[in-house]
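Below is one structure; the comments refer to it alone.
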Amino acid sequence: MNENVATGWSITALANPTRFISIADKVIPWLGGLAALAIAVALWMGFNAPEDYQQGVTVRIMYIHVPFAWLAMFGYSMMAASALGTLVWRHPLADVSVKAAAPIGAAFTLLALVTGSIWGKPMWGTWWVWDARLTSVFVLFLMYLGLIALNRALDDPSRAAKASAVLALIGFVNIPIIKFSVDWWNTLHQPAAVFRMDGPTIHASLLWPLMISALGFTLLFLTLHLMAMRTEILRRRVTAMRRLAARRADKG
Amino acid sequence: MRLVVETLSGERGGETIFAGVSFALGAGEALLVTGPNGAGKTTLMRVIAGLLPAATGTIRFEGGGEAFPDVASALHFLGPVNAMKAALTVRENLEFWQSLAGPRHFQVCDAMDLVDLRRTADLPFGYLSTGQKRRIAIARLYLNYRPLWLLDEPTSGLDADSTAALAHFMREHLGDGGMIVASTHLPLGLDDAQTLEMGG
Amino acid sequence: MNHDAYVFAAYAISALVIALTVGWVVFDYRGRKADLATLEAAGVRRRSEEA
Amino acid sequence: MIALFLRDVKLGLRAGGGALVGILFFLAVIAVVPFGVGPDLNLLARIGPAILWIGALLAGLLGLDRLFQADREDGALDVLLVHAPGFNLALAVLVKCLAHWTAAILPLVVASPLLGLFMNMTPQGIGATALTLLVGTPAIAFIGAVGAAVAVALPRGGLLVSVVILPLVIPVLIFGVSAAYAAVNDPDPFLPPFLILAALTLFFAVIGPAAAALALHHGSD
């Protein structure tokens with residue numbers, strides 16, 4: 001996936017790694033700043049909103065738990081889209097996007113699990129309950145780790161690209177199936193009267209901070225993703241140059 | 001220092017591969033083991049290296065003093081593969097082997113200079129070409145001084161000038177009073193080397 | 001642990017993990033930049049840059 | 001010998017190494033159990049230590065066949081045999097086992113408390129299980145080394161190693177799990193099974209590498 005190969009394909013604005021890096025250099029600081037601002041505003045509004053009538057103050061965890069769960073899904077969907085880019089359109093940067101998104105997605109999924117279990121502790125009395133949503137997010141976390149392990153195992157980028165793209169797509173197709181089966185598995189054993197975490201309608205004053213927080217964390221995710229992609233391109237450039245240096249060592 | 005081998009025979013899987021092999025090597029002398037594939041060259045090399053037990057016969061290393069009391073402590077073994085890890089850098093590989101094999105001889109950097117591959121020190125070993133990998137494998141022999149070199153098909157996979165480079169290192173080692181037992185098909189330009197034809 | 005402690009714990013752990021993630025991304029980026037610099041200094045030119 | 005240890009740990013953790021796979025396998029095994037057994041929390045709590053131990057055992061056996069196979073393929077094993085005859089070959093094998101344990105199995109022990117939460121185990125149970133794992137799992141590496149050394153010549157020796165080693169590892173499993181349970185339900189004493197477990201590890205620390213060295217010496221073809 002080195003430079004001169006990319007020029008052969010249909011050039012979309014981001015196809016050329018060098019141009020991608022220059023664009024990324026410009027966009028990242030702005031995106032990062034915006035993300036920080038949005039998160040700050042959301043948390044400030046969240047902490048000034050009235051407490052939830054049933055759960056008291058622990059509802060404040062919702063402001064970060066829901067965005068994290070959303071980002072876990074968003075991250076995997078982005079990887080699936082990039083995987084399509086690798087397999088269907090052969091976009092040179094698609095594989096870079098998959099490899100870069102995996103660890104960040106995994107981090108947010110882990111956060112979703114942790115905050116979910118902390119939020120559930122007062123209600124259920126234990127740190128972990130095999131609640132349908134928490135379990136499917138946990139399975140998603142395993143799929144993220146599988147993808148990261150695959151990317152680490154195959155160090156030759158071109159070979160790993162196809163493999164991780166296929167795995168990402170298969171994983172993505174399976175998410176609804178897992179969701180359905182876990183729900184079914186959960187209701188099968190658990191007494192149905194599991195306390196529903198978020199009420200049927202969220203009060204407006206709680207909804208706004210939630211939306212802004214979700215926006216903020218999504219921007220944060222995109223910032224990290226762009227930075228990770230830029231690093232991945234540099235890593236491949238370093239590898240290519242090291243191979244070159246090895247071949248040059250004889251002539252020099 | 002002398003390497004004395006008397007009526008040596010080796011077997012593999014219960015079947016005698018070669019028998020009645022005897023030779024003696026003094027300082028600065030080399031023995032080229034030739035013969036068709038399957039004639040037992042590799043088995044002979046592994047028996048001398050102590051990797052395989054000898055069926056009959058003896059292998060003695062005389063005059064080594066306390067530095068090289070027996071054959072095992074006096075030899076370097078270089079097989080058809082390079083014994084280096086692709087994931088580690090060249091320097092890490094060489095430093096590892098130096099730390100394992102007793103008293104130091106050449107520094108890692110000097111050994112790399114000898115084979116003229118100093119620039120690849122920090123590159124992963126896997127990125128090197130076959131010829132370069134072979135030269136690094138040879139550089140390992142310089143890290144700890146051992147009088148006896150056992151080279152099992154040293155020129156496998158080498159092009160012309162890498163083979164010439166290998167012959168050069170071998171001549172240098174003999175010049176320093178070392179001994180070489182090499183199994184090979186190519187005449188390595190070692191003029192006064194003894195030869196041992198392994199029967200079919 | 002009363003309820004406020006849970007909220008604090010959740011935010012603390014989240015802040016920690018996010019900080020680690022951001023830190024790792026930046027550290028990785030700087031590392032590759034440094035590798036690139038040393039390689040450029042060693043006079044290795046990429047194919048596309050040569051005349 | 002220290003260099004051998006550092007090299008093997010470095011290799012295990014690097015891109016191609018098996019360390020990450022071991023942890024992932026352990027996580028997957030533990031995660032699968034509740035789906036089979038059902039989310040009934042107190043049932044999970046009862047079988048928690050056993051599941052953690054079985055998971056660690058299987059994950060430990062996973063990376064073992066590569067212990068010597070990788071070295072044999074790139075010729076490092078031959079050179080090692082030449083440079084480390086007799087006693088210090090056993091020492092080299094001991095060091096390699098410790099390196100494999102540190103790179104592949106130690107992370108499991110560190111991760112086991114987190115997984116204990118999934119099994120809804122009491123903090124005391126989690127602590128005991130982690131402690132028994134810490135003391136018991138090296139025995140798996142030492143016994144496994146014998147299997148790996150024996151199977152080094154076979155091209156696809158991998159599964160054979162696990163099958164050959166499994167019966168030998170059962171005592172470690174028995175004492176490990178019983179010690180873990182003893183910590184949870186009070187009447188049973190914790191110390192005796194735990195000390196026997198430690199004794200097993202030390203015993204195999206001597207026998208394992210010695211037997212593996214013997215096998216390597218005579219097995220190399």
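Because the structure is predicted, anything quoted here is derived from the model rather than measured. Below, read A as the first sequence line, B as the second, and so on, with proteins coming before strands; counting in each chain starts at 1.
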Handout entry: Audit row: A:Met241, C:Asp35, side chain to side chain contact (heavy atoms under 4.5 Å, CB included) steps and yes/no
Key = CA-CA 10 Å; A:Met241 287 166 77; C:Asp35 294 348; over 6 Å; no
Practice task
Might you confirm whether atom OH of C:Tyr11 has over 12 heavy atoms from other residues, nucleotides or ligands at distances under 6.0 Å?
Solution key: yes
Practice task
Please test A:Phe68 against C:Ile18 for side chain to side chain contact (heavy atoms under 4.5 Å, CB included), starting from the C-alpha separation and ending with a verdict.
Solution key: CA-CA 11 Å; A:Phe68 289 152; C:Ile18 288 181; 4.0 Å; yes
Handout entry: Closest contact, heavy atoms only, C:Thr21 versus A:Ala107
Key = OG1-CB, 3.7 Å
Fill in the blank from the handout: Closest non-hydrogen atoms of C:Ser14 and A:Thr115, given as atom of the first, atom of the second and distance, are OG-CG2, 3.4 Å
Practice task
Look up atom OG1 in A:Thr239 and atom CZ in C:Arg32, then write down how far apart they are to the nearest 0.5 Å.
Solution key: 8.5 Å
Practice task
Identify the residues of residues 217-227 of chain A whose heavy atoms come closer than 4.5 Å to a heavy atom of chain C, ordered by number, or report 'none'.
Solution key: A:Phe217, A:Leu220, A:Leu224, A:Met227
Practice task
Check step by step if side chain to side chain contact (heavy atoms under 4.5 Å, CB included) holds for C:Leu39 and A:Arg237.
Solution key: CA-CA 10 Å; C:Leu39 279 165; A:Arg237 211 168 269 181; over 6 Å; no
Handout entry: Residue selection (most heavy-atom pairs with chain C, distance under 4.5 Å) from A:Val114, A:Ile61, A:Leu110, A:Leu43
Key = A:Ile61
Kindly list each side-chain donor-acceptor pair under 3.5 angstrom involving residues 22-37 of chain A, sequence neighbours excluded, with atom names and distances?
from    : atom 1 : to       : atom 2 : distance (Å)
A:Ser22 : OG     : A:Arg19  : O      : 2.5
A:Asp25 : OD1    : A:Arg230 : NH1    : 2.3

